[in-house]
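Before any comments, here is the structure.
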Amino acid sequence: LGSISFHYASDLETREEYIEALAIYEKCFSEIQDELILREAAIGHAKCVLNIGDINRGIMLVKEIDDYSLYESAGEILYALKQSNDAADMFLLGNLVDKAAEIFIQSKNLEKISEISSLNMSSKTLRSMAELLEEQLLVENASRLYYRACDYSNAVRLNLRLSREDIAFKIAYECKTGSSLTLVAE
């Protein structure tokens with residue numbers, strides 16, 4: 001009986017009938033003995049709680065379950081609900097740094113960008129963060145991020161702007177790109 005209830009609740013969730021699905025998921029907790037199905041029911045339950053807008057309770061449930069794919073789903077739900085900071089936090093818990101960084105870049109949250117700038121992420125994200133930092137006149141930090149993004153010509157350009165010719169020359173020499181070497185030569 002519990003398994004049937006779980007599948008019915010899951011079907012309701014898929015059809016975005018979250019309140020009904022939530023009630024069935026809650027019923028499942030007393031009916032299901034199988035740990036795997038119980039965990040899946042808890043995941044569905046947490047997502048439904050978020051989807052009906054009970055943000056704090058939903059976040060608490062997601063953290064209790066501690067499942068990477070749930071962190072991603074929760075982040076997407078929260079982002080759709082215009083809860084950007086909470087969404088980014090969920091993405092970080094799920095080790096989805098690029099998704100969290102995108103949110104911080106969109107909201108120009110320089111504090112959070114600074115906090116996560118040392119984490120592993122794609123070159124594209126690093127470059128976007130560097131562009132924002134440069135726009136905000138945080139040139140030294142931008143230079144480091146351009147370097148990590150393998151955007152050496154911008155790293156050289158900013159180091160020259162900071163009158164750090166030695167670092168600019170070292171970067172240009174290491175990467176040996178034409179544009180970097182041209183910048184240093186000028």
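Hydrogens, waters and symmetry mates are skipped; everything else that's a heavy atom, side chains included, is used.
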Spacing of [X] atom [atom1] and [Y] atom [atom2] [to the nearest 0.5 Å]:
X	Y	atom1	atom2	value
Glu31	Ile4	CD	CD1	9.5 Å
Glu111	Phe104	CD	CZ	10.0 Å
His7	Ile37	NE2	CD1	5.5 Å

[X] side chain vs [Y] backbone, donor-acceptor pair below 3.5 Å:
X	Y	value
Asp98	Met121	no
Ser117	Ser114	yes
Asn51	Lys47	yes

Any donor-acceptor N or O pair under 3.5 Å, side chains [X], [Y]:
X	Y	result
Thr125	Ser122	yes
Tyr25	Glu13	yes
Glu134	Tyr146	yes
Asn109	Ser107	no

Margin query: So if I apply the side chain to side chain contact (heavy atoms under 4.5 Å, CB included) rule between Leu110 and each of Leu133, Asn141, Ile105, which one comes out positive?
Written below: Leu133
Note to self: Taking the ring centre of each residue, are Phe91 and Tyr71 less than 6.0 Å apart?
What the structure shows: no
Next item on the list: Run the salt-bridge test on Lys99 and Glu72 with the 4.0 Å N-O cut-off and return the result as yes or no.
Entry: yes
Notebook entry, point to check: Out of curiosity, does Leu96 fall in the hydrophobic cluster containing Ile103 (side-chain heavy atoms, cut-off under 4.5 Å, transitive links)?
Noted result: yes
Check: Taking everything shown except Glu135 itself, do over 12 heavy atoms lie less than 6.0 Å from its CD?
Finding: yes
